[in-house]
Protein chains: 2
Amino acid sequence: MAGRGVTIADVAARAGVAASTVSYVLSGKRSISPETADRVMAAVADLGYHPHAGARALASRRAGVVAMMLPLRDGMHLPVLMQFASGAVTEARRHDQDVLLMTADEGPAGLARVAASAIVDGLILMDVEVRDPRVEALRRLGLPSVLIGFPADAEGLTCVDLDFEAAGRVCAQYLVERGCGDIALLGASEAVYARRTGFAERVREGFLSRNAARAEVWPCPDDAASVQRTVKELLTSKPELTGLAVHNEPAVGHVMHALADAGRRVGEDFHVVVIGPDEVAERTHPQLPSVLVPAETLAETAVRHLMRKLDGIDVPDSTLIEPQLTLR
Amino acid sequence: MAGRGVTIADVAARAGVAASTVSYVLSGKRSISPETADRVMAAVADLGYHPHAGARALASRRAGVVAMMLPLRDGMHLPVLMQFASGAVTEARRHDQDVLLMTADEGPAGLARVAASAIVDGLILMDVEVRDPRVEALRRLGLPSVLIGFPADAEGLTCVDLDFEAAGRVCAQYLVERGCGDIALLGASEAVYARRTGFAERVREGFLSRNAARAEVWPCPDDAASVQRTVKELLTSKPELTGLAVHNEPAVGHVMHALADAGRRVGEDFHVVVIGPDEVAERTHPQLPSVLVPAETLAETAVRHLMRKLDGIDVPDSTLIEPQLTLR
DNA sequence: CCTGATCATCGAAGCGCTTCGACGGACCCT
DNA sequence: AGGGTCCGTCGAAGCGCTTCGATGATCAGG
């Protein structure tokens with residue numbers, strides 16, 4: 001009934017077996033007769049026994065904890081972060097692991113610390129950038145890890161991310177199916193393209209792959225004035241444009257205004273699709289179809305891959321999650 | 001330089017001392033001569049030594065980890081949650097502790113598990129409700145803990161929260177200072193009052209304490225129609241009303257529309273103040289002054305209190321954080 | 001009925017650390 | 001000079017678990 005202070009010896013005594021036998025029942029690493037196993041499990045339940053995490057870590061060289069490093073401070077999109085954290089914790093618990101939360105600003109030193117102190121068995125690194133000092137540290141430390149996102153040099157690393165190319169393709173597809181003639185992708189500002197080339201580039205390529213002849217990609221800053229201007233220029237330069245994909249969260253609202261100002265009726269003679277979180281696509285009138293970053297799935301996949309690696313099972317270096325188009 | 005696999009014995013050998021001496025240098029629990037200490041610290045740095053967390057936990061009965069249980073799934077206000085997590089991790093690291101992330105849906109069983117496995121030394125429980133099964137478990141387990149929020153029976157527990165009564169008072173004060181004659185508090189729907197009486201009640205009392213004769217409190221659901229109706233009734237029944245405090249996040253936008261419909265010009269002949277997150281108060285035209293839930297401060301205070309408790313130092317059972325009014 | 005294999009269980013040896021008691025030397029007091 | 005303190009350091013004993021090799025017991029095959 002207690003819990004606090006119950007050791008494996010107590011369980012062993014109550015079940016009338018050796019401590020090692022209890023350990024084997026619990027881990028299943030040697031075969032134990034069903035009768036003995038039952039008696040042990042009953043004792044465990046009676047006493048409310050839980051193995052001491054530290055002792056277990058010391059003896060087995062497995063902490064039963066994985067670290068999750070999140071960019072907790074800056075302008076990351078919050079809902080995505082939460083879904084991610086929630087997905088990771090839930091999946092980890094399914095594998096009987098706990099999750100240690102680290103902030104990205106602990107940086108490489110933080111990684112070195114958790115690796116050396118053996119406080120965690122592995123690591124999930126979120127929001128990896130193209131040039132990320134943590135990536136080098138990771139490689140040096142040899143700590144099993146899974147990254148969300150792709151750094152410039154992913155050699156030998158396990159990475160998971162949304163298949164952004166497919167996302168671009170899905171958006172183009174959607175617009176073409178709606179009968180749009182000319183279509184365009186309104187992207188992020190140049191700055192974002194510069195910072196994480198990979199991901200914006202991949203959306204562009206996917207978008208253009210569908211109907212390249214009549215598709216264009218326009219980068220665009222996200223302030224109201226720039227969006228207003230960009231949309232105006234776009235409509236002028238391509239009079240037959242009737243479909244627009246927007247891969248720029250903060251700009252979505254402004255885009256809708258600019259289209260309304262230009263006399264386009266979205267949902268009727270004009271179509272818009274968003275790459276971004278649900279809330280953004282739901283806050284407009286009319287609500288827009290969207291492809292979202294499936295944070296929960298990403299987290300689950302990352303954790304699952306990490307567990308595999310810890311068990312010495314091979315996982316693919318690179319895993320791309322299929323985008324899901326939500327109609328509204 | 002290595003890190004992985006470096007033990008205290010390696011450090012001891014390199015510094016030419018006994019392992020226990022290294023331990024004492026690191027913990028400061030016995031006096032060691034400066035020369036020896038220097039040599040040890042040099043060896044630690046050279047080898048990149050970090051104590052093995054499991055071994056340390058086993059021998060010292062201190063894990064160096066605290067758990068943080070968050071409601072990661074449901075409709076909690078996200079920015080608050082993130083600020084909270086970020087504040088807690090940062091403060092914990094200052095005390096050389098790590099943070100284990102748990103979801104509220106692990107419930108009492110989760111608490112029992114982490115307590116019995118000694119994987120954490122203490123616990124921070126966020127978003128405590130008036131009737132919370134975890135609270136009873138906590139008391140039973142005797143795990144050192146700090147709660148954010150006040151359960152019905154806080155006897156013997158350490159709780160931290162915003163001083164909601166002061167928040168109500170500050171809002172009334174603000175309106176009175178703006179020369180408002182009659183003022184009102186538009187509160188949450190009855191349901192919220194029912195769920196966590198404490199906190200809504202306390203705002204009401206604070207609000208009424210300032211100028212009770214000319215102040216009223218109106219509960220209100222948060223859908224557009226209800227808000228529209230409530231505001232209209234309010235303005236009719238109190239023609240001299242020129243100041244309104246809104247303690248109902250989702251309703252704020254609707255309140256502004258209703259006031260505009262009624263011809264009130266907020267910021268000129270009418271004043272509104274919000275109790276809620278910054279984003280809500282910033283999304284209106286004009287932006288509104290507001291009292292926010294200081295998540296980061298709450299988290300830091302909670303962690304600090306927990307550290308104290310772990311060190312056997314007394315902390316107050318109940319700590320109320322002063323509200324801060326942000327003018328805009 | 002003996003041999004060798006297989007199965008279920010045990011005991012002991014660590015895992016890397018903290019902590020307690022002990023011990024020699026330096027220092028102070030008389 | 002002798003006794004008592006205090007200081008700095010050491011060695012050994014565990015913390016609670018896993019894991020390895022060993023040990024009986026059981027059983028099939030000859």
Side-chain angles (χ1 to χ4, degrees), chain A residues 2-41 43-44 47-65 96 113-119 121, chain B residues 2-41 43-44 47-65 96 113-119 121:
Chain A
R4 206 119 174 98
V6 178
T7 76
I8 199 172
D10 300 329
V11 175
R14 179 175 251 255
V17 299
S20 52
T21 302
V22 175
S23 177
Y24 286 125
V25 169
L26 259 23
S27 70
K29 294 195 176 172
R30 280 198 186 172
S31 67
I32 297 289
S33 72
E35 302 80 49
T36 306
D38 286 351
R39 240 175 328 126
V40 167
M41 293 312 286
V44 165
L47 300 174
Y49 169 74
H50 290 266
H52 186 290
R56 192 209 274 279
L58 183 56
S60 71
R61 342 206 102 250
R62 276 275 223 138
V65 180
D96 258 304
R113 179 177 66 84
V114 294
S117 68
I119 197 175
D121 300 322
Chain B
R4 208 121 172 96
V6 178
T7 77
I8 200 171
D10 300 329
V11 175
R14 180 176 249 255
V17 299
S20 52
T21 301
V22 174
S23 177
Y24 286 125
V25 169
L26 259 24
S27 69
K29 293 194 179 175
R30 279 197 186 175
S31 67
I32 297 288
S33 72
E35 301 81 49
T36 307
D38 285 353
R39 243 178 322 130
V40 168
M41 291 313 286
V44 165
L47 299 173
Y49 169 74
H50 289 266
H52 186 290
R56 193 210 273 279
L58 184 56
S60 72
R61 340 202 102 255
R62 276 274 225 139
V65 179
D96 258 305
R113 179 178 64 84
V114 294
S117 68
I119 196 177
D121 300 322

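Atoms considered below: every heavy atom in the structure, side chains included; atoms not considered: hydrogens, waters and symmetry mates. Note on naming: letters A, B, ... go to the chains in the order of the sequence lines (proteins, then strands), and numbering restarts at 1 for each one.
Looking at B:S20, its side chain comes within 3.5 Å of the base of D:dG11 through a donor and an acceptor atom.
Protein chain A contacts DNA chain C from C:dA8 to C:dG16, reading 5' to 3' and using non-hydrogen atoms of the protein with a distance under 4.0 Å.
Comparing the helix axis at one end of the helix from C:dC1-D:dG30 to C:dT30-D:dA1 with that at the other, each defined from 5 consecutive pairs, gives an inter-axis angle of 40° (nearest 10°).
Looking at heavy atoms from C-beta onward, B:V22 lies in side-chain contact with B:V17 at the 4.5 angstrom threshold. Under the 4.5 Å side-chain criterion, counting only non-hydrogen atoms from C-beta, A:H52 is not in contact with B:I119.
Contact between A:V6 and A:L47 at its shortest, heavy atoms only, is CG2-O, 3.6 Å. Between B:Y49 and B:T7, the shortest heavy-atom contact is CE1-C, 3.6 Å. Considering every non-hydrogen atom in both A:H50 and B:S117, the closest pair reads CB-N, 4.1 Å. In terms of heavy-atom proximity, B:A15 sits nearest to B:R39 at O-NH1, 2.6 Å. Closest heavy-atom contact between A:A118 and A:A63: O-CB, 3.7 Å.
Summary of the strand contacts: B:A59 and B:A19 both lie near DNA chain D, and taking for each the nucleotide with the nearest heavy atom, the more 5' one is attributed to B:A19. Projected onto DNA chain D by closest heavy-atom contact, B:P34 and B:S60 fall at different nucleotides, the more 5' of which corresponds to B:P34.
The separation between A:R30 atom CZ and D:dC20 atom C1' is 7 Å, rounded to whole Å. Straight-line distance from the OH atom of B:Y24 to the C1' atom of D:dG11: 11 Å, rounded to whole Å.
Between the side chain of B:D121 and the main chain of B:R62, no donor-acceptor pair closer than 3.5 Å is present.
Within the 4.0 angstrom heavy-atom criterion, base atoms lie near B:S23.
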